[in-house]
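When reading the values below, keep in mind they use all heavy atoms of this one structure, side chains included, and skip hydrogens, waters and symmetry mates.
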Amino acid sequence: MRINGRALVGAGMMLAAGGLVPAGAQTPTTTLQQDFDAAAALDAAPDRAASLAAWEKLEARTKSGSRSRGIVLVRKAPTLFALNRADDSVKAARAGLALLPADDASLAEDRTRAFLILGQVAIDTLDYAGAVTALQQAEASAISTPDKLGAMLSLVGAQIFIDPPAAAATLERSDAVVATMKLDKSAAARFARARTILKLNTGDIGGARASALQAIRLLGGLETNKIDVMAASARSDAAIAFLLGGNADEARRYMAYTGAGRMVKGSFDPAAEMRSPDCGGEAGLKPQDVAVVEFDIASDGTIDRAAPIYAAGGGQVALEFARAVKGWSWPADKVQAIPAFYRYHVRVEMRCSTAFERPSISGGLDGVLEQWLTSKGVAVAPAPSGPQAAAVAGQRADLAAATAQSPSSLRTLAAIYRLTSNPTVAREERAALYARGLAIATANDAPPSARLTFDLPGRIDAVTDIWKPGVYQRTLTPMVSEPVYANDPQARAAIRLMIVDGTVSRTRKSDKNDTSIVLLRQVVDDMALQPNDPLRVGALIRIASIEERNGQIDAARATFAASGLTPSQCAIMDAPPKMVSMPGSEAFPMEAQRWGFEGWTQVQFDVGADGTVINERALLSYPPFIFSEAGKKFFTRVKFAKTYRPDGGLGCGATINRLSFKLPG
């Protein structure tokens with residue numbers, strides 16, 4: 001398309017007439033249009049570095065603050081994102097948008113392009129609320145039907161886990177657009193799949209099944225010999241719908257046609273660093289929550305992309321499980337043995353672990369803030385009991401009313417606090433609100449822990465690239481030395497615990513445990529904390545968890561005992577019960593054999609004092625739902641040695657074991 005090119009031609013004439021070439025500099029031998037065409041051509045090439053260099057060359061030739069500079073910045077943003085420079089990409093897109101006149105219809109394509117890349121960055125970083133904000137603007141600014149439909153499709157994907165009713169409304173708008181044109185089958189299948197995911201997550205299983213089958217038909221049906229990752233995902237969608245609808249046989253049949261668990265060469269083994277998130281935590285995960293997360297594995301073994309597909313527990317539960325997946329990794333040599341097709345759109349069934357369940361750190365900080373506001377005579381609006389998306393308009397109105405009365409009052413602070421607690425608020429907006437709240441809290445001499453309610457997440461949300469190794473730790477570490485927090489035992493302990501939790505979930509390097517142990521020991525050894533302080537106990541639990549994962553069982557047991565909690569975890573007992581009997585090959589589910597599946601499941605269970613297994617639950621399973629029940633049934637038939645307990649109760653709890661299911665030969 002030449003809309004932007006024409007804009008740049010005009011800018012080029014202005015540049016020449018305005019004499020903007022520095023004195024003594026050599027006159028460029030190419031026109032702006034030629035540079036633009038060269039950069040645009042490189043966008044389609046695999047050499048992203050060359051593409052970026054071309055856009056930066058062009059940027060240097062445009063006038064600062066001009067619309068031409070804005071066009072170049074918008075074009076540069078996707079290249080920066082492709083180079084894994086999300087923060088720079090967002091800055092370029094935002095700066096470019098600021099330079100594009102809103103009343104210039106010829107720049108509609110560029111505005112749409114900028115909002116689309118902002119939406120893509122937000123989705124990639126699992127900021128679905130931010131994605132919704134950007135993609136709504138992309139839809140509104142789009143003038144071409146393909147751009148409008150593309151924005152709608154991406155928007156629905158984010159809205160499903162933020163505001164399902166809004167996702168349904170977006171699909172209705174897309175239906176109206178599609179009715180005016182002939183959509184190719186691949187594009188139609190994408191919309192059918194979006195409708196399937198929405199219905200799966202809103203409990204309309206019959207509707208999900210119907211739209212999943214429609215997507216499969218559009219992509220050639222089950223009989224086609226050609227299958228790509230989208231067709232495989234559509235078949236997996238159908239399998240989930242059949243399973244949730246109680247038809248396990250059809251579920252396995254459709255799963256068989258995805259190719260999952262049926263590799264001819266290599267094997268999809270569990271990751272070197274693959275853990276379920278702990279129950280509790282910042283998202284308040286519950287043992288009954290279950291999710292299916294889809295992800296891509298890069299050639300170096302790290303996770304390229306992670307996205308929720310289904311969750312029983314709500315959208316925030318789904319996103320929390322996806323965040324856990326982003327920290328997984330495989331040895332690079334093992335990844336190379338897996339055919340590329342099987343490394344993309346991989347799906348795993350997930351549940352949280354009860355082994356080292358922990359309370360939310362931010363929940364404790366919020367409690368301090370609420371108590372302080374109450375002591376000042378300021379009432380904090382209760383958290384909404386219904387959908388968060390439905391509450392946000394009222395929360396915005398409360399903030400607007402408080403601001404109109406007094407912008408820096410504690411009432412305004414309370415309204416900011418409640419609005420920032422709503423997960424449907426976009427990351428960039430939250431960051432600005434946190435900064436505003438911190439300023440009010442500081443001006444009113446709020447306790448350090450109360451200030452952290454705004455300062456901690458505010459610093460995190462201010463950084464797009466927070467997922468990069470080391471960025472989270474570098475962002476929060478300076479806070480420990482800042483006097484306002486360094487002189488407060490609860491505040492400095494909370495910061496250290498947040499650094500540890502964020503580092504573990506975002507860093508793939510093996511040395512992260514050493515850094516975490518140092519920070520946690522600083523909390524444990526802080527004499528200003530009471531022995532039973534929740535933050536100190538939380539640090540001991542985290543140390544025990546790390547020691548157990550590193551095979552330091554004696555150390556883990558001693559650390560856990562120091563917490564004052566009952567060391568009932570099987571993994572850290574002085575003498576865990578010994579397995580005395582287990583089933584054999586008959587444990588392999590016959591349905592999986594019939595369809596030729598292989599896979600694995602990680603099961604967590606408790607051992608009763610009489611040696612029987614109870615409370616068994618599948619934490620991780622691949623392919624989703626195929627081996628979960630088989631894994632659970634396997635351990636119900638396992639017997640452990642009896643363990644003496646005076647009350648005859650639990651022998652030990654939360655042990656984790658992994659089963660691999662391999663076909664003969």
Side-chain angles (χ1 to χ4, degrees), residues 126 161 270-271 273-293 306 308 310-328 348-367 383 423 494 497-498 500-506 516 520 534-549 556 559-560 563-573 601-607 613-621 624-625 628 631-632 635 650 652-658:
L126 296 174
F161 298 99
E273 295 187 45
M274 174 183 276
R275 297 177 58 236
S276 283
D278 292 315
C279 293
E282 302 309 307
L285 295 180
K286 301 176 181 60
Q288 63 268 29
D289 292 334
V290 58
V292 174
V293 175
Y310 165 76
Q316 293 309 303
V317 165
L319 289 166
E320 188 65 16
F321 279 111
R323 291 185 186 101
V325 170
K326 285 178 74 74
W328 292 357
V348 171
E349 171 192 353
M350 302 180 68
R351 290 173 182 80
C352 66
S353 170
T354 60
F356 295 93
E357 191 168 352
R358 61 191 63 171
S360 164
I361 300 168
S362 62
L365 299 175
D366 291 350
L497 289 180
M498 287 290 285
V500 169
D501 287 354
T503 302
V504 168
S505 65
R506 290 167 171 83
S516 297
L520 293 170
L535 294 170
R536 183 177 181 277
V537 172
L540 286 165
I541 292 172
R542 286 164 173 80
I543 292 172
S545 174
I546 293 172
E547 289 170 338
E548 186 270 327
R549 289 201 307 273
T559 301
F560 203 97
S563 73
L565 301 177
T566 303
S568 61
Q569 282 87 342
C570 291
I572 61 173
M573 287 187 69
T601 185
Q602 188 181 81
V603 180
Q604 185 175 68
F605 55 87
D606 301 334
V607 180
V613 168
I614 54 177
N615 301 327
E616 64 282 353
R617 46 199 295 275
L619 294 186
L620 301 170
S621 292
F625 304 115
S628 304
K632 287 163 59 180
F635 284 102
L650 187 68
C652 63
T655 191
I656 295 175
N657 214 312
R658 184 176 286 153

Residue list, side chain to side chain donor-acceptor pair (under 3.5 Å) with [X], at least two apart or on another chain:
X: R542; value: D501
X: S621; value: T601, S628
X: D289; value: none

Could you pull out the closest heavy-atom pair between [X] and [Y], with the gap in Å?
X: G314; Y: A311; result: O-CB, 3.8 Å
X: A494; Y: L535; result: N-CD1, 4.2 Å
X: A306; Y: L126; result: O-CD2, 3.4 Å
X: F161; Y: Q316; result: O-NE2, 4.0 Å

Is any side-chain heavy atom of V348 closer than 4.5 Å to a side-chain heavy atom of V325?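 SC-SC contact between V348 and V325 ruled out.
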Just how far is it from atom [atom1] of [X] to atom [atom2] of [Y], taken to the nearest 0.5 Å?
X: Q604; Y: L619; atom1: CD; atom2: CG; value: 4.5 Å
X: F635; Y: N657; atom1: CZ; atom2: CG; value: 3.5 Å
X: C352; Y: Q288; atom1: SG; atom2: CD; value: 8.0 Å

Can you name the side-chain contact (heavy atoms from CB on, under 4.5 Å) partners of [X], sequence neighbours left out?
X: A539; answer: L497, L520, V523, V524
X: E547; answer: R521, I543, Q552, A555, A556, T559
X: P287; answer: C279, T354, R617
X: E320; answer: A283, L285, R323

So, using salt bridge (charged side-chain N to carboxylate O under 4.0 Å, His left out) as the criterion, who are the partners of R351 when residues are at least two apart? E349
Restricting to salt bridge (charged side-chain N to carboxylate O under 4.0 Å, His left out), what partner residues turn up for E282, sequence neighbours left out? none
